Amino acid sequence: MIWLTLRQFRLQGAVVFAGLAVLGAALLITGPGLADEYAAGTASCATDNACEEFARQFVIKHQALYGALLAIVVGLPGLVGVFWGAPLIAREIEAGTHRLAWNQSVTRTRWLAVKVGLVGLASMAAAGIAVFAVDRWSDPLAAAAAPRSSRIMPLLFDAHGIAPVGYAAFAFALGVTVGVLVRRTLPAMAITLAVFAAVQVAVPLWVRPHLIPPERGAVAITSGNLDSLMLHNDSLTVRTQAGAGTWTLENHTVDASGRKVEKLPASIGAGPCAPPGPRPGSDAPPGPAQECFDAFAQQGYKQYVVYHPADRFWPLQWAETGLFAVLTLGLTGFCFYWTRRRIS
Amino acid sequence: MTADRPAISCSAGVRFLPRLKAGVSARRARCTTALQAEGLGKRYGKRWALSDCTLDLPAGRVIGLVGPNGAGKTTLLNLAVGQLTPTAGGIRVLGGRPASGPEQLAKVGYVAQDTPTYAGLTVAEHLKLGARLNPGWDDALARDRIERLGLDPARKAGKLSGGQRAQLALTLGIAKRPRLLVLDEPVAALDPLARREFLQGLMEAAVEHSLSVVLSSHLVMDLERTCDYLVVLVESRVRVAGDVDDLLAAHHRLTGPRRDPATLPAGQEVVSESHTDRQSTLIVRTDGPIHDPAWTVGQVGLEDLVLAYMASSPSRPSLEAIR
């Protein structure tokens, strides 16, 4: 059974793993150069500002390539679900070959277990290899970008850590399940892609924030935590930063009684927080004057933030991987039930 | 898993017909039951594909399963190999529950409808597949058969002709060395020559390895040459089952002056009837001889016999009308 499974999987497996081998080789060759460039740059910058500027330029320079690599890691689970999972059983049923396979001296449970087990492991291995290689390669970039974007934020989160392995397992199981239900290869592939994409959108939006209860609280608005202050017509909106590399879920101003404030009074916007005129030669720090923050404090305005701090990355990774593992097991169990009971 | 049950006498096999011949051929001497169904039924939604099927098929025979399209032949065979699970009743094949475990699977070979093979695998890889998945695989037999058929082992199954593909599927079925080989319309898609070669190969294997064979077809002609036992399935019910010779001996075509079939003596069962103004033609089943001098008694061929049963199916309007 193992031989047959590997024989049937040969082509699809070879394509993906060959691609990964090429990717891995390329990253292995270019990785040290990238790390050296970053190390040299950070060593040679004299002031904090210069260092920040170097990091910014460094990220911008490699952004396109980094984005492409992240896209590969994010896309691979979907690819695996569509091209490995969906056809696994659907193609057999479509061609009627399941009736050939099931009448050898192997029970269909074993038949399915070997197929799902081997190709499922291959799916997880493929995702693991991709995420490991890209993670390693992009370490300097992640370090350079750290203050502005961190791995805990959506999209970056999806392409780092161990979650991609969970996604791949889930996508594969989803593909197999859809294939078992739909029984035709092409529709199964299309449905798998659609459902998996929907899950990948829905989870960061609605599920991941609540896997672990986020931190929440109202903080004073200070020059230290101000992220942006925007004056548009008469309305003033304020956003603060909860901390370096946090994943902010909610960020709005509340009044003294804790109610959400849609519009800050124009008096503040026009008064203490009015944008300063051009100050040629001034070496005052950019941003509003201290009176602005005093005005917020006086009138009882605070900023309400809900966020996951940066050190939640691994707990969230484990929680999300666990969630996908449970989904994967559920789908796989369903496949076994359905294959034993409902397919002929 | 399930141990073989003690052999059951196959005199029960001819449940729809009393035994007519005392002589039991040498082949029938090792009679056990190949397939035993009791009130077997399979329902899809509201439609019964097979209902209330009670059968006792003897082992060591080549059994033809015949009936019109949609009669439930495939359903019955799929139930026999465990591809399907019954909705009602029970079925035992060679003493075990179909597909209940590797041992049961090893005992029963199945050549499914349209003789599926893996299009992307070569002939040699199909043999390897058989060898890997069947503990009782007879590799010499498989190779020998492929060679005699003139199949190129390096050729992909998807590039074979329909007849060659069927032969490959049959080779897989035979080389597995099952005790019972089930074939579902294996020749339906083949041209007459390929059909004959296929059935010939099947017969040779059946004799050589003393296989029990159950073979379905909607054409009696295919079965006439190969089968010594016949089951007629019409509209999801078994209409008649029995030894071919017994069936032929027990059925007669009676031609004579027009007459109400109800006036026939007891023990003569009318299978089909047709009437003209002056003449009646009946096909009857009986144990005893026909004494009535008014009848001209004729032989019934297998095809006519099967057609008679198909035509007389209960839901079909009676052909005659007594005017």
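Just so it is clear, the structure is predicted and the values come from calculations on it, not from any experiment. A note on names: the letters A, B, ... follow the listed sequences, proteins ahead of strands, and every chain is numbered from 1.
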Most chain A-contacting option - heavy-atom pairs closer than 4.5 Å, from L121(B), V111(B), T115(B), V182(B): L121(B)

Heavy atoms of other groups near L65(A) CG, more than 12 under 6.0 Å: yes

Contact check, side chains of V106(A) and L105(B), non-hydrogen atoms, under 4.5 Å: no

I2(A) CD1: over 12 foreign heavy atoms closer than 6.0 Å: no

Selection from M1(A), R7(A), R341(A) maximising heavy-atom pairs under 4.5 Å formed with chain B: R7(A)

Nearest-0.5 Å distance that lies between atom CG in L133(B) and atom CG in N103(A): 11.5 Å

Side-chain donor-acceptor pairs under 3.5 Å in residues 331-340 of chain A, sequence neighbours left out?
unit_1	atom_1	unit_2	atom_2	d
T332(A)	OG1	T328(A)	O	2.7
T339(A)	OG1	C335(A)	O	2.6

Side chains of R99(A) and V81(B) in contact at under 4.5 Å (non-hydrogen atoms): no

More than 12 heavy atoms of other groups within 6.0 Å of W48(B) CH2: yes

Heavy-atom proximity to chain B below 4.5 Å, by part of R91(A): neither

N134(B) side chain to S105(A) backbone, donor-acceptor under 3.5 Å: yes

Which atoms of V108(B) approach chain A - backbone, side chain, both or neither, heavy atom under 4.5 Å: backbone

Heavy-atom pair of closest approach, residues Q83(B) and R108(A): O-NH2, 2.8 Å

Backbone of W3(A) reached by a side-chain donor or acceptor of K128(B) within 3.5 Å: no

Nearest-0.5 Å distance, CD of residue Q8(A) to CD of residue E125(B): 10.0 Å

Show every donor-acceptor pair shorter than 3.5 Å between a side-chain atom in residues 164-176 of chain A and any protein atom, with sequence neighbours excluded, or say none if there are none.
unit_1	atom_1	unit_2	atom_2	d
Y167(A)	OH	R208(A)	NH2	3.4
Y167(A)	OH	E320(A)	OE2	2.5

Shortest non-hydrogen separation from L100(A) to T117(B) and the atoms involved: CD2-CA, 4.0 Å

